[in-house]
Amino acid sequence: MSSDKKEKKAKGPASEEQIFMEKIVSLCKRRGFVFPSSEIYGGLKSCYDYGPLGVELKRNVKNEWWRAMVHSREDVVGIDASIIMSPEVWRASGHLSSFSDPLVDCRDCKVRGRADHWPKADPGSEVEYKVVVDHQSGKKETRKSKVSELGIVCPECGSPNHSDIRSFNLMFRTSIGSVDPIDAIVKRIEGKGLSGKELKQAVVEAVEETAVYLRPETAQAMFVNFANVQGAARIKPPFGIAQQGKSFRNEVTVEHFTYRSCEFEQMEMEFFVPPKEHCEPGERTPNEWFEYWCQQRHDWYAKLGIRKEKLRLRPHAKDELAHYAKENGACQDVEYEYPWGWGELEGIANRTDYDLKAHEQASGKKLSYFDPQRNVHYHPYVIEPAAGADRAALAFLLDAYTEEAPSETRKDGRVLLKLHPRLAPIKVAVLPLVKKDGMPERARKVMDAFVSQSINAFYDEKDAVGRRYARQDEAGTPYCLTVDGQTSEDGTVTIRERDSMKQDRIKVEEAVAVVQRRLAE
RNA sequence: GCGGGUGUAGCUCAGUGGUAGAGCGCGACCUUGCCAAGGUCGAAGUCGAGGGUUCGAGCCCCUUCACCCGCUCCA
């Protein structure tokens, strides 16, 4: 509105959601959960570093996932594959083909599309087209322009004014080999007087000789290792292969702090099951396994403390299904209600036998399974729960963030992270009530007991004890042990629970066991 | 990619062309007896970066980077 200009410029955040996110981002930096990457050089778009508390949180998330998906079941094994894989993998999976998609944007109506799909027109000829000049009224204006040498016009408005062609750069391309690929490129093109088109072709060929790609998903490693793992682990369908690791994608838009980033960590499991026609009576069909995993994964988040009303399962509509799930497949997202709305935490897909067949065809290697009991060969269907470690860590953090209003005993109120104890970066803080009468020395001994058991503990003797409790609340530490005057008399300390602030007295020598027991609950 | 906004200490922010500031936090010491008490001292800033205008720029202009919001896009 025009009156806005006269008013004082709006300061600060516009919405509650924005205020909330700013508080989280600020807390993350102040307490060492997440820093902007390369911050002293001005940061780098969408890259973030996990600090001392953040790395603990994320590791705990990954450990809980591995525990639930691998160690606490017999039918899933893990792998840790190379981030750089053969380019053939990406050709077979379909990821590489998007590199050759020549994208153009219409300068008039802003539509984006593939140049080879746009309507043709004679280069140099003049065409007439209509452009919407006022979006509110829908008023159009007729314009004339010349068609470029590419000979294409916009499919929407007919305008020949378009941006340069750009390849959609989904994957991070690099090169392997100690010879600089630029030398090879120069060698191919120098002094040949190539036209623009020939030049591009020559460069592409030179680049492709040594090009490799950072994986855009971890899943393909499980497919290409299907036969290796199946044989080595002596395991048969239904069984799963799990993996955690970094993946890289040039996202069109990066947004919402660590939510969508070009470098991210995945926690994926490919669960190979017999196709329906080979299922015995009473055995789960692929669709039933799909439903099973949807429920499992939804419940995993709930068990680790995400509020149920902030969690939901959302089936994909037919038209948003991925290529690998088009036929007989299905996708369902576990979603969390982020401050900016519902968004994906994890996608569970029935990828059918698409991937194994695609790699079998491309590699020429057999990727079917022979079931000796049923005496059949088949390509297993794949049910894939694919989670984001960074997204999960963010969701746990957002969900745990709590502000309590001031009360009689706490006139400043408090900020606390109600993290599940097993996710909390610091498990226990050890505090002498005051810094005298031998309390620090006795507290040090308690601290040593935790350190020797590899339980992440934190010792703090600075400032009043209330302030130290507050600091721990803000870091999400579930338990505080306080050494006080009574400790020297009867060998007990107080244990304070973060959310209730209630205190019990326990024996010093039982402190480690008490905390361990509570963490195991 | 387009449009809008923001960028000053670790955090939140004040500073409309003339000496770089506040609160909180952080560190040391004193004090302290269970939920962010007080005192003393201290460290901390390329005012996002680069260029320009000016006698002089945190402030004006240009460029750029990063973040936020909306659109667009999204195997």
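What you are looking at is a predicted structure, and each value in this text was computed from that prediction instead of being measured. Within every chain, numbering begins at 1; the chains are lettered A, B, ... in the order of the sequence lines, protein sequences first and strands thereafter.
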Base, sugar-phosphate, or nothing for R471(A), non-hydrogen atoms under 4.0 angstrom?
sugar-phosphate
Length of the CD1-C1' vector between I19(A) and rU12(B), whole Å:
13 Å
Base, sugar-phosphate, or nothing: which does S26(A) touch, judged by heavy atoms less than 4.0 Å apart?
sugar-phosphate
Let me spell it out: for each of R410(A) and F257(A), pick the nucleotide of RNA chain B with the closest heavy atom. Which residue's pick is nearer the 5' end?
R410(A)
Does the rC34(B) base have a donor-acceptor partner in the side chain of Q503(A) within less than 3.5 Å?
yes
Within 45° of the axis and under 6.0 Å from the centre of the six-membered ring of W342(A), does NZ or CZ of R312(A) qualify?
yes
Quick one: on RNA chain B, does E255(A) or L433(A) contact a more 5' nucleotide (nearest heavy atom)?
L433(A)
By the 4.0 Å heavy-atom rule, please label T487(A) as base, sugar-phosphate, or nothing.
nothing
Counting just side-chain N and O atoms, does K29(A) come under 4.0 Å of either OP1 or OP2 of rG10(B)?
no
Hey, do the aromatic rings of Y50(A) and F35(A) have their centres closer than 6.0 Å?
no
Tell me whether the OP1 or OP2 atom of rC69(B) has a side-chain N or O from H256(A) closer than 4.0 Å.
yes
Does the ring centre of Y338(A) sit less than 6.0 Å away from the ring centre of Y259(A)?
yes
What contact category does L416(A) fall into here, base, sugar-phosphate, or nothing, at under 4.0 angstrom with non-hydrogen atoms?
nothing
Taking the six-membered ring for Trp, are Y381(A) and F272(A) closer than 6.0 Å centroid to centroid?
no
Answer with yes or no whether Y41(A) presents, from its side chain, a donor or acceptor under 3.5 Å of a partner atom in the base of rC65(B).
no
R496(A) to Y469(A), cation-pi by 6.0 Å centre distance and 45° axis angle
yes
Mind checking the P distance from rC41(B) to rA36(B)? Whole angstroms is fine.
26 Å
Base paired to rU53(B) (Watson-Crick or G-U; both N/O distances under 3.5 angstrom)
none
With a non-hydrogen cut-off below 4.0 angstrom, is G42(A) in contact with a base, only sugar-phosphate, or nothing?
sugar-phosphate
Please confirm whether any donor atom in the side chain of R467(A) sits under 3.5 Å from an acceptor in the base of rC35(B), or the reverse.
no
Using a heavy-atom cut-off of under 4.0 Å over every strand shown, decide if M439(A) touches base, sugar-phosphate, or nothing.
base
What integer number of Å spans the P atoms of rA43(B) and rG1(B)?
45 Å
At under 4.0 Å between heavy atoms, what does K436(A) touch on the DNA or RNA strands: base, sugar-phosphate, or nothing?
base
So, is R30(A) close to the rC24(B) phosphate, meaning a side-chain N or O under 4.0 Å from OP1 or OP2?
no
Partner of rG3(B) under the Watson-Crick or G-U wobble criteria, both distances under 3.5 Å, comes out as rC69(B)
